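Computed from a predicted structure; not experimentally measured. First the proteins, then the strands, lettered A, B, ... as listed; each starts at 1. All heavy atoms count here, side chains included; hydrogens, waters and symmetry mates do not.
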Amino acid sequence: MTRDEAIAKLAGLVGQDLRPLADTYRVTVWKNGKKNKGWAGDVVERFLGLPANPVQGPDFGDWELKVVPLRKVGGRWQPKETMAVTMIAADNVAATPFEHSHLLDKLRSLVICGRESVSEKDDHARFVKAAAFDLGDGALYRQVQDDYESLRALIRHGGLASVTGRIGLLVQARTKGPGHGSTTRAFYARTSLVARLLRLES
DNA sequence: CTATGATCATCC
DNA sequence: GGATGATCATAG
C-alpha cells in the first residue's frame, strides 16, 4: 500500500470511535486491570491491513505509521504527549551519522494520525485526523539533526547511561521498554515537534 | 529478552 | 501543568 492510499483510507476513519474497532479487530485494551498502551496504534494498523510485527523499520516499506493522543485546548487540538519514534541501540547510534540513522528513516516519511483522548479509561476515542509528513531538508531537518548529533556525542563519550530526557529541542531520548529497571532508551518527538508533524497550527 | 505499538505516574 | 523516567500488552 502506498502512503497516498493509506491517507485516503484513513480519511474514512475520521470521526469514528476507535474503541469498538478494538473489539472487532480483537485488540486488547484492558487486561487484569492494566492497559495496553498501544491499543489505538494497533487498531489503526489492523484497519490498514498490517499484521502486528516488531521489526525495527518502516511499517509499510517506505513510510511509517504513528498515532498520537490529542486534547482539545481552547477550541484547537494539541498533542497530549510526546511520541516514541524508535529504539536507541547505543553502538548503532554512536557509529551512525544522522543521514543514515533509524531516526531519520522513521521521520523522513510518515503518516501521522491524531485521536482524541478523553480519559485514561479510553471509553471512546474518536479518530481526529491523518496527515502525511516529510521532514524535507530545511530548518526542521537541521534542528532534528542537531538534537541527534548532541545525543550521539553524549553516547560516545559517556555511554547510554549518561543520556537523560533533558537533551534535545525537538527530539529527546528517554527510557522505554518492559519496565522494571530497564535501561533501554528510545527517541521521542517532543510535543512541539508532534504539533508540527500533524500540522495542528494554522 | 527486546523489538513493536505507545501512555502512565511522578517529580519538579 | 509540563517534562522525565517507568511501565503495559503482544509478537518473534
Open item on the list: Is a donor from one side chain sitting under 3.5 angstrom from an acceptor on the other, for A:Arg174 and A:Gln172?
Closed with: yes

Task: A:Thr24 and A:Arg46: side chain donor to acceptor below 3.5 Å - done: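 The criterion, which ignores hydrogens and geometry beyond distance, is not satisfied for A:Arg46 and A:Thr24.
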
Task: Closest-nucleotide 5' rank along DNA chain C - winner of A:Arg166 and A:Thr28 - done: A:Arg166

When you measure from the side-chain N and O atoms of [X] to the phosphate of [N], is any distance below 4.0 Å, counting only OP1 and OP2?
X: A:Lys35; N: C:dA9; answer: no
X: A:Lys80; N: B:dC8; answer: yes
X: A:Lys31; N: C:dT10; answer: yes
X: A:Gln172; N: C:dA3; answer: no
X: A:Arg115; N: B:dA6; answer: no

- [ ] Return the residues of residues 62-69 of chain A meeting this criterion: a heavy atom under 4.0 Å from some atom of DNA chain B. Order them by number, or give none.
- [x]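 Going residue by residue through residues 62-69 of chain A, the ones with a heavy atom under 4.0 Å of DNA chain B turn out to be A:Glu64, A:Lys66, A:Val67, A:Pro69.
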
Roughly, in whole Å, what's the span from [atom1] in [X] to [atom2] in [N]?
X: A:Met87; N: C:dG12; atom1: CE; atom2: C1'; result: 16 Å
X: A:Glu81; N: C:dA6; atom1: CD; atom2: P; result: 16 Å
X: A:Trp39; N: B:dT4; atom1: CH2; atom2: C1'; result: 18 Å
X: A:Arg26; N: C:dT10; atom1: CZ; atom2: P; result: 14 Å
X: A:Trp30; N: B:dG5; atom1: CH2; atom2: P; result: 21 Å
X: A:Asn36; N: C:dT10; atom1: CG; atom2: P; result: 6 Å

Open item on the list: Does this structure show an ion pair linking A:Glu64 with A:Lys66, if we count only N-O contacts that are shorter than 4.0 Å?
Closed with: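 Here A:Glu64 pairs with A:Lys66 in a salt bridge, since their nearest N and O are under 4.0 Å apart.
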
- [ ] Salt-bridge test for A:Asp4 and A:Lys9: reply yes if a basic N is under 4.0 Å from a carboxylate O, no otherwise.
- [x]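 Salt bridge absent between A:Asp4 and A:Lys9.
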
Open item on the list: Between the base of B:dA6 and the side chain of A:Tyr188, is one N or O donor paired with an acceptor at under 3.5 angstrom?
Closed with: yes

Task: Quiz item: A:Lys37 side-chain donor-acceptor pair to C:dT7 base, under 3.5 Å - done: yes

Open item on the list: Classify A:Thr164 by what it touches in the nucleic acid, base, sugar-phosphate, or nothing, heavy-atom distance under 4.0 Å.
Closed with: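 Sugar-phosphate: the residue A:Thr164, judged by heavy atoms under 4.0 Å, touches backbone atoms but no base.
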
TODO: Have a look at A:Gly38 and say if it touches a base, only the backbone sugar-phosphate, or nothing, with a 4.0 Å heavy-atom cut-off.
DONE: base

Task: Closest-nucleotide ordering on DNA chain B, the 5'-leading residue of A:Arg174 and A:Thr86 - done: A:Thr86

Picking from [options], which would you name as closest to the side chain of [X]?
X: A:Ala84; options: B:dA6, B:dC8, C:dC8; value: B:dA6
X: A:Arg190; options: C:dA3, C:dG5, C:dA9; value: C:dA3
X: A:Thr175; options: C:dA6, B:dA3, C:dA3; value: C:dA6
X: A:Lys176; options: C:dT10, B:dT7, B:dA6; value: B:dA6

- [ ] Can you pull out how bent the helix from B:dC1-C:dG12 to B:dC12-C:dG1 is, comparing the axes over its first five and last five pairs, to 10°?
- [x] 30°

Task: Partner of A:Asp134 under salt bridge (charged side-chain N to carboxylate O under 4.0 Å, His left out), chosen from A:Arg196, A:Arg108, A:Arg3, A:Arg199 - done: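 Passing option: A:Arg3.
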
